[in-house]
Amino acid sequence: MSIINNIEKYVLAEIVGVLGKKTIDPDEDLLEQGIIDSLGLMKLITFMEETFSMKILDEEIIPENFQSLNSMASLVKLQSQA
Amino acid sequence: MDFSLSEDQIIFKKSAIEFAEKALNKGVKEREKNREFNQEGWEKCAEFGVHGLSMPEKYGGLGMDIMTCVATMEGLGYACRDSGLLFAINSHIWTCESPILKFGSDYQKDKYLPGLCNGSLKGGHAMTEPDSGSDAFSMKCKAEKRGDRYIINGAKMFITNAPIADLLLVFAVTDPTKGFAGISAFIVEKGFPGFSVGKPLDMMGLKSSPIGEVVLQDCEVPEENLLGKEGSGAAIFNSEMEWERSCLFATHVGAMGKDLEECIRYVNDRRQFGNPIGKYQAVSHKIAEMLVRLELSRLVLYKVAWLKSQGKRAPIESAIAKLFVSESYVENCMEALQIHGAYGYSTEMDFEKNLRDSIAGKIYSGTSEIQKNIIATMLGL
Ligand SMILES: Cc1cc2nc3c(=O)[nH]c(=O)nc-3n(C[C@H](O)[C@H](O)[C@H](O)COP(=O)(O)OP(=O)(O)OC[C@H]3O[C@@H](n4cnc5c(N)ncnc54)[C@H](O)[C@@H]3O)c2cc1C
């Protein structure tokens, strides 16, 4: 499963479950639409750290890195290249 | 998992106890009555190294690990009867100094950390507003970029240290379209144009800790005082809270230990119906329960400290620790007062003051209800 699909599956199941959303566009702004709230982001970060064996620094928790599936996937890729 | 303290940590904790007993308790009753901040105690704590416990030596700190910080705070909580002073110092450390170290630029660290470590500067953080408390990220305070500065407008409420602070971390909305992710943090000095502080608020407890309202009216903040990047306010706040929920609450564990010792002494000395009251099971069970709460509080707090020392995130664990320690502290204060009867209720002793002080712990750093919400959400509920 691609990084984007993996994150999308988690966000749909664990974060937006109640909204009945079925898919997420990779560039859809999840922050602007209020799809991810602050506690949801905490969960998502834990999920990403465990799933992709990465460490997300508090300094990296900024909108650019979490506003869309694409930006999250970029963060994962950037770390795996480092 | 090994939560035992090293020999050095035990020695440091003991020296904190000796220091607090000698240097911090004189005149505590008077200050409580007059709602007076202990400036001398603040300076002595800074000299002892409390303010810079976890700060690197290059900024004047002691560079201690988190377990040593927790042990020291526990020692201070045990021996210092001025919980308002300890509260002020902890707010200064965990909600101002630490985030500047973690998120600050070299310029910000060089400018502010030496003064925060040696106590010549006092800090705090301003998140809560008249209309937003638990729902902190729904704040109205706004920061607008104009040229090389931000203009902040809004009001902040119940801000620890505000009346005495030289600088505050002020949280404000920089991008209203992004919700919690549109919040940023700024280092605001008391002398910045448009910054003002109201009179100290009269709270139920923690009377020697000045708490106040802050007004920002077209407050001009140079762009170099943005902490972290725009939009990192929520991450800064969450990181602060994780630290505060372990280290500040260590003072409560210390205080619970002291109260328990006093209760054990009292139930052995106090005789009614021909026996020491500790011989009555209704009383001795209270003591047993107090010890259970103390031991579990210490354990859960040390676990968070241990996780943080491993560089791990601890959102659930720090919420559990904050919830359990603060609730346990209130319960133990209630029982200590009850065990001492009318003497406990009298202002001659510290038990009624401790109870009033302890209740605040269920509210600040996120209420008990909010800690339960965090735990439930992290469990997928
Ligand atoms: C001694 C003290 C020092 C403080 N220092 C600072 C400081 O330095 N800086 C700062 O920014 N703030 C500070 N605060 C403010 C503190 O952070 C807030 O009081 C706290 O976040 C709660 O907000 P509130 O008082 O507005 O209560 P509200 O949020 O209005 O809550 C009222 C009640 O409703 C409950 N509640 C609210 N929402 C929910 C929900 N979703 N689910 C269940 N229950 C809910 C709460 O738990 C509470 O019992 C301080 C407060 C105290 C008492």
Side-chain angles (χ1 to χ4, degrees), chain A residues 6-21 24-25 27-72 74-76 78-79 82, chain B residues 98-99 101-105 127 134-139 171 173-185 226-243 308 310-319 366 370-381:
Chain A
N6 219 329
I7 302 174
E8 181 189 22
K9 206 171 143 206
Y10 182 80
V11 173
L12 285 172
E14 298 293 328
I15 297 180
V16 298
V18 286
L19 300 178
K21 212 168 154 61
I24 300 173
D25 187 277
D27 283 319
E28 199 170 335
D29 194 324
L30 304 168
L31 299 175
E32 217 162 291
Q33 294 190 36
I35 289 175
I36 298 180
D37 65 6
S38 65
L39 282 178
L41 182 59
M42 257 196 237
K43 278 173 69 180
L44 186 56
I45 287 168
T46 308
F47 165 80
M48 286 169 68
E49 287 186 332
E50 279 168 9
T51 310
F52 306 113
S53 309
M54 64 192 292
K55 171 93 190 102
I56 298 170
L57 300 174
D58 285 339
E59 299 86 297
E60 290 172 326
I61 308 175
I62 47 174
E64 292 94 285
N65 289 333
F66 290 94
Q67 63 197 9
S68 66
L69 295 177
N70 263 337
S71 50
M72 290 182 240
S74 302
L75 181 67
V76 176
L78 201 76
Q79 282 221 4
Chain B
S98 278
L101 176 70
K102 186 159 188 191
F103 296 92
S105 63
M127 181 75 162
S134 302
D135 189 10
F137 299 135
S138 69
M139 66 174 59
F171 292 83
V173 177
T174 40
D175 183 350
T177 64
K178 293 223 160 16
F180 77 95
I183 290 169
S184 304
L226 169 71
L227 185 66
K229 293 194 175 155
E230 272 196 23
S232 54
I236 293 174
F237 181 71
N238 288 334
S239 153
E240 274 179 24
M241 287 297 109
E242 268 195 34
W243 283 97
K308 301 293 291 174
Q310 311 282 306
K312 296 197 172 129
R313 253 170 235 296
I316 294 196
E317 293 81 0
S318 62
I370 294 304
Q371 303 312 313
K372 290 179 195 170
N373 286 357
I374 294 174
I375 296 165
T377 304
M378 295 303 285
L379 292 175
L381 303 172

So, the part of Gln33(A) with a heavy atom under 4.5 Å from chain B: the answer is neither
What one should report as the nearest heavy-atom pair of Pro63(A) and Glu230(B) is CD-O, 3.9 Å
Correct closest heavy-atom pair for Leu39(A) and Ile374(B) would be CD2-CG1, 3.9 Å
In sequence, state the C-alpha distance, the side-chain angles, and the governing distance for Glu59(A) and Lys102(B), and then conclude on side-chain contact (heavy atoms from CB on, under 4.5 Å).
-> CA-CA 8 Å; Glu59(A) 299 86 297; Lys102(B) 186 159 188 191; 4.0 Å; yes
The interface call for Asn238(B) against chain A, heavy-atom contacts under 4.5 Å, is side chain
Open item on the list: Using only atom types and a distance under 3.5 Å, with no angle test, would you say the side chain of Arg313(B) pairs donor to acceptor with the backbone of Met42(A)?
Closed with: no
Honestly, the part of Glu49(A) sitting under 4.5 Å from a heavy atom of chain B is side chain
Nearest heavy-atom approach of Ala235(B) to Asp58(A) is CB-O, 3.7 Å
Most heavy-atom pairs under 4.5 Å with chain B, out of Leu57(A), Asp29(A), Leu30(A), Ile56(A), belong to Ile56(A)
From the list Met378(B), Lys312(B), Lys229(B), the residue making the most non-hydrogen contacts under 4.5 Å with chain A is Met378(B)
Highest number of heavy-atom pairs under 4.5 Å with chain A among Thr377(B), Asp175(B), Asn373(B) belongs to Thr377(B)
Does atom NZ (Lys55(A)) have a neighbourhood of more than 12 heavy atoms from anything else shown, all under 6.0 Å? yes
For Asp37(A) and Phe180(B), the nearest pair of non-hydrogen atoms, with its separation, is C-CE2, 3.4 Å
